[in-house]
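The next block holds one structure in the form of structure tokens; read it before the comments.
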Amino acid sequence: MDTSLYPPAYQQKLLSLMSEAVDLDDSINGVLIHSDNFQALNLLQARYREQVKCIYIDPPYNTSASEIIYKNGYKHSSWLSLVDNRLFLSKNLLADDGILCGTIDDLEQKVFCQLLEQNFPYLAGVVAIRIKPSGRPIPNGFALSHEYAVFVKKMEATSISRLSHSEEQKARYRENDEKGAFFWEMFRKAGSNSSRENRPTMFYPFFLNEKTGVLRLPEMEFDAEKNEYLIYDKEGDEEISIYPIKDDGKEGRWYFGLDRALEIVDEFRATKKDDGKYYIYYRRRPNEGVQPTTHWSDSKYSATEHGTALLKNIFGTQEVFSYPKSIYAVEDCLLVSGAKETTALILDYFAGSGTTAHAVINLNREDGGNRKYMLVEQGEYFDTVLKPRVQKVIYSKEWKNGKPVLGEQKSDLSNDSGENPRHGVSQMVKVLKLESYEDTLNNLELKGQMDLALDLPKQVQEDYLLRYMLAEESKSSQLSVHDFQKPFDYELNIASDSAGAYVPTKIDLIETFNYLLGLRVQRVTDDREKRGYVLVEGRLNDESCLIVWRDCTRVGYQEIVHVFDQFNIHPNSEQYDVVYLNGDHDS
């Protein structure tokens, strides 16, 4: 349900009702911000400082396909400034154990890495991702088939996470027991470095009772001088010793050392083969994942098939967005950057078509996680692509030709079990639109003597306008103290088209104030329509906080006292650590 389609009174009532059941900020799954990302990153500083586990960005590559707007021909330096300023701000939002991943192609790859290393202490690695197997032809050059994902971190000890096993790898674990899946693997190491002399500490015996089949590791100790184990046990009746002897009779080595073997001693078995010899096997169980390599060439990373084609299926039309990422490339970049943590907060401030939000929703679907996402995008496609995409993938996991695909078990929407046949998920997404720089300029009112500027010498006219008129005479043209008397009615002239037309639009001072303070909102009681007040409760750092907003022309001193009595609020007690109240009042 998109609450922006409903009257403000309904939105306010819904928010108040939800506050009675849930902690609002904790229940929000995603935040979508329609804004210049520099402005948005400034707004997020107080609320999300050092809370973001993973930052994923896909800035413009500064090629002919994704140029930025610049002046005077300083294309390269404008791109550097754009990226550097935003990296500087986002560094404050990244947790100490967080990782930032940025993607780029060859044109700016070198300086992009330098910018990242200037802003973050440690370079974790650079991955080449094959996003277009056939390559993108370049005149007089190579056909580009890859781009780079650059990973940086704030702490040297922060680890790159492992990727999940592929379906082919999972298929190897064909057997199951009470501990899970496994397959039997020979314990004697094969291939390179498989001789005793390579790892003497991995040459030791097992004792096998041939009658019962019981294996045990005898008591032993490694003698560093002799470079061999001293065996303190003796073989029992019907026991034999089994060493890692190669097929050619030479001494080999086991796959790992004694200490680890003792930890999993019940995972071994001895098998007698046709040659009459015993061979040791152990249950090989899947580990936490595969260590990512620096070259990702799997077909799932193709942006054409899993980016462009994916969007076509979601929206039912071709080319709704140029050069979208493969959903799998973004998912894996997030996973190795810390999104395996099921409560991770992920930020993308070059959000494009919204692939990052889509990827987070997919990850949560797979493991039942509660990862949250924040996306920032200023393009017009925010309303036509990004937001609708998020809404669609929440509603259904799969889409084809613009229509949701039903689950395999159902041919229609009827479902007595209550299971959603489209694999929809429950999400609460907050959508913010921030005032643009152009809107700010459009709302300035210069109260000085403009005619005076015309009489000044040309060389000082600009200084007069910028250093005095804009700095001093426009101070009260936006959000003066007087505006806080009626905070629910505050408006700005917001541009409605590129020709300069604008419409008066109400501004949400309450939400703005929450972000500027860094408030974690828990409950909202919104009765502005009938009684002229809004109560916001939450946490400000480690302190409890109450913010009281009122229309001062309707709710005076006596009326606000009645409100406090109604909700059993005692501002001068220890009920709240901090209390804010707009307008004049008796503290």
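In this chain, numbering begins with 1 at the start of the sequence shown. The structure displayed is predicted, hence computed values, not measured ones.
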### Query
Quick one: CD on Gln45 to CG on Leu516, what's the gap to the nearest 0.5 Å?
11.5 Å
### Query
How would you list all residue pairs meeting side-chain hydrogen bond (donor to acceptor under 3.5 Å, both in side chains) that involve residues 109-134, not counting sequence neighbours?
Asp84-Asn119
### Query
Taking atom types as modelled, is there a side-chain donor on Thr103 or Asp58 under 3.5 Å from an acceptor on the other?
yes
### Query
Are Leu87 and Ile57 side-chain neighbours, meaning at least one heavy-atom pair lies under 4.5 Å?
yes
### NZ/NE/NH1/NH2 to OD/OE distance under 4.0 Å, Asp97 and Lys153
no
### Message
Checking the side chain of Thr505 only, and the main-chain atoms of Val503 only, is there a donor and an acceptor separated by less than 3.5 Å?
### Response
yes
### Query
Heavy atoms, side chains only, cut-off 4.5 Å: are Val429 and Val31 in contact?
no
### Query
For the atom pair CG (Asp36) and CG (Leu434), what is the distance rounded to the nearest 0.5 Å?
9.0 Å
### Query
Is atom CD of Glu341 surrounded by more than 12 heavy atoms (other residues, nucleotides or ligands) closer than 6.0 Å?
yes
### Query
Short question: side chain of Arg172, backbone of Glu168 - any donor-acceptor pair under 3.5 Å?
no
### Task
State, yes or no, whether a side-chain contact exists between Lys387 and Ser4 at a heavy-atom distance under 4.5 Å.
yes
### Message
side-chain contact (heavy atoms from CB on, under 4.5 Å), that's the test. Do Ile547 and Val534 meet it? Break it down for me.
### Response
CA-CA 8 Å; Ile547 305 176; Val534 176; over 6 Å; no
### Task
Would you indicate whether the side-chain heavy atoms of Thr342 and Arg371 approach each other to under 4.5 Å?
yes
### 4.5 Å side-chain heavy-atom contact, Tyr6 and Leu14
no
### Minimum heavy-atom distance Pro404-Tyr395, with the two atoms named
CG-CE2, 3.9 Å
### Query
Does any N or O in the side chain of Trp399 come within less than 3.5 Å of the main-chain N or O of Lys392, such that one atom is a donor and the other an acceptor?
yes
### Task
Would you kindly say whether Asp298 and Tyr328 are connected by a side-chain donor-acceptor distance under 3.5 Å?
no
### Task
Report yes or no: does Glu331 contribute a side-chain atom to a donor-acceptor pair with the main-chain N or O of Leu363 at less than 3.5 Å?
no
#### Entry: Side-chain donor or acceptor of Gln11 paired with backbone N/O of Thr3 under 3.5 Å
yes
### Task
For Cys333 and Ile129, run side-chain contact (heavy atoms from CB on, under 4.5 Å): C-alpha distance rounded to whole Å, both residues' side-chain angles, the deciding distance at 0.1 Å, then the answer.
CA-CA 10 Å; Cys333 284; Ile129 307 176; 4.2 Å; yes
### Other residues, nucleotides, ligands: >12 heavy atoms within 6.0 Å of Glu543 CD
yes
### Query
Within a strict 4.5 Å, meaning less than it, do heavy atoms of the Asn37 and Gln378 side chains meet?
no
### Query
If only atom types and distance count, is the side chain of Trp184 paired as donor or acceptor with the main-chain N or O of Glu175 below 3.5 Å?
no
#### Entry: Counterpart residues, side-chain hydrogen bond (donor to acceptor under 3.5 Å, both in side chains), relative to Arg285 (two or more places apart)
Asp177, Glu267
### Query
Is Asn92 reaching over with its side chain to a backbone N or O of Arg49, donor-acceptor style, under 3.5 angstrom?
no
### Task
To the nearest 0.5 angstrom, please state how far the NZ atom of Lys53 sits from the CG atom of Leu94.
9.0 Å
#### Entry: Gln427 side-chain N/O to Gly30 backbone N/O, donor-acceptor pair under 3.5 Å
no
### Message
Keeping Ser337 on the side-chain end and Ile99 on the backbone end, is there a donor-acceptor pair under 3.5 Å?
### Response
no
### Task
Could you tell me whether a side-chain N or O of Ser16 sits under 3.5 Å from a main-chain N or O of Gln12, the two making a donor and an acceptor?
yes
### Task
Let me see the working for Asp26 and Lys372 under salt bridge (Lys or Arg N to Asp or Glu O under 4.0 Å), right down to the final yes or no.
CA-CA 10 Å; Asp26 282 349; Lys372 299 178 186 292; over 6 Å; no
### Task
May I ask you to check whether over 12 heavy atoms, not counting those of Lys300, lie within 6.0 Å of atom NZ?
yes
## Note on the structure
Rounded to the nearest 0.5 Å, the OH atom of Tyr373 sits from the CD1 atom of Ile346 at a distance of 10.5 Å
### Message
Quick check: Phe183 with Tyr173 (ring centres under 6.0 Å apart)?
### Response
yes
### Summary
Interatomic distance, CD@Glu185 vs CZ@Arg284, rounded to 0.5 Å, equals 4.5 Å
### Task
May I have the step-by-step check of side-chain contact (heavy atoms from CB on, under 4.5 Å) for Leu24 and Leu15, ending in yes or no?
CA-CA 9 Å; Leu24 281 179; Leu15 195 63; 4.0 Å; yes
Under 3.5 Å, which donor-acceptor pairs do the side chains of residues 140-147 form with other protein atoms, sequence neighbours left out?
| from | atom 1 | to | atom 2 | distance (Å) |
| --- | --- | --- | --- | --- |
| His146 | NE2 | Tyr148 | OH | 3.0 |
| Glu147 | OE1 | Tyr61 | OH | 2.7 |
| Glu147 | OE1 | Lys325 | NZ | 2.7 |
| Glu147 | OE2 | Lys325 | NZ | 2.6 |

### Message
Applying side-chain hydrogen bond (donor to acceptor under 3.5 Å, both in side chains) as the test, list every pair that has at least one member in residues 507-520; sequence neighbours left out.
### Response
Gln51-Arg520, Lys430-Glu511
### side-chain contact (heavy atoms from CB on, under 4.5 Å) between Asp332 and Val336, worked out
CA-CA 6 Å; Asp332 284 356; Val336 302; 5.5 Å; no
### Task
Answer yes when Arg539 and Asp25 have at least one side-chain N-carboxylate O distance shorter than 4.0 Å, and no when they do not.
no
### Query
Is the closest side-chain heavy-atom distance between Glu108 and Val83 below 4.5 Å?
no
### Over 12 foreign heavy atoms within 6.0 Å of NZ, Lys400
no
### Query
Would you say the side chain of Phe382 lies within less than 4.5 Å of the side chain of Ile33, judging by non-hydrogen atoms?
no
Let me check something: any side-chain donor-acceptor pairs from residues 347-361 under 3.5 Å, sequence neighbours excluded? List them with distances.
| from | atom 1 | to | atom 2 | distance (Å) |
| --- | --- | --- | --- | --- |
| Asp348 | OD1 | Phe350 | N | 3.0 |
| Asp348 | OD2 | Thr356 | OG1 | 2.6 |
| Tyr349 | OH | Ser90 | OG | 3.0 |
| Ser353 | OG | Thr355 | OG1 | 3.3 |
| Ser353 | OG | Arg389 | NH1 | 2.8 |
| Thr355 | OG1 | Arg389 | NH1 | 3.0 |
| His358 | ND1 | Arg389 | NE | 3.2 |
| His358 | ND1 | Arg389 | NH2 | 3.0 |

Sequence neighbours left out, cut at 3.5 Å: what donor-acceptor pairs do the side chains of residues 303-322 make with other protein atoms?
| from | atom 1 | to | atom 2 | distance (Å) |
| --- | --- | --- | --- | --- |
| Lys312 | NZ | Gln318 | OE1 | 3.4 |
| Asn313 | OD1 | Asn401 | N | 3.4 |

### Query
Is atom NZ of Lys91 surrounded by more than 12 heavy atoms (other residues, nucleotides or ligands) closer than 6.0 Å?
yes
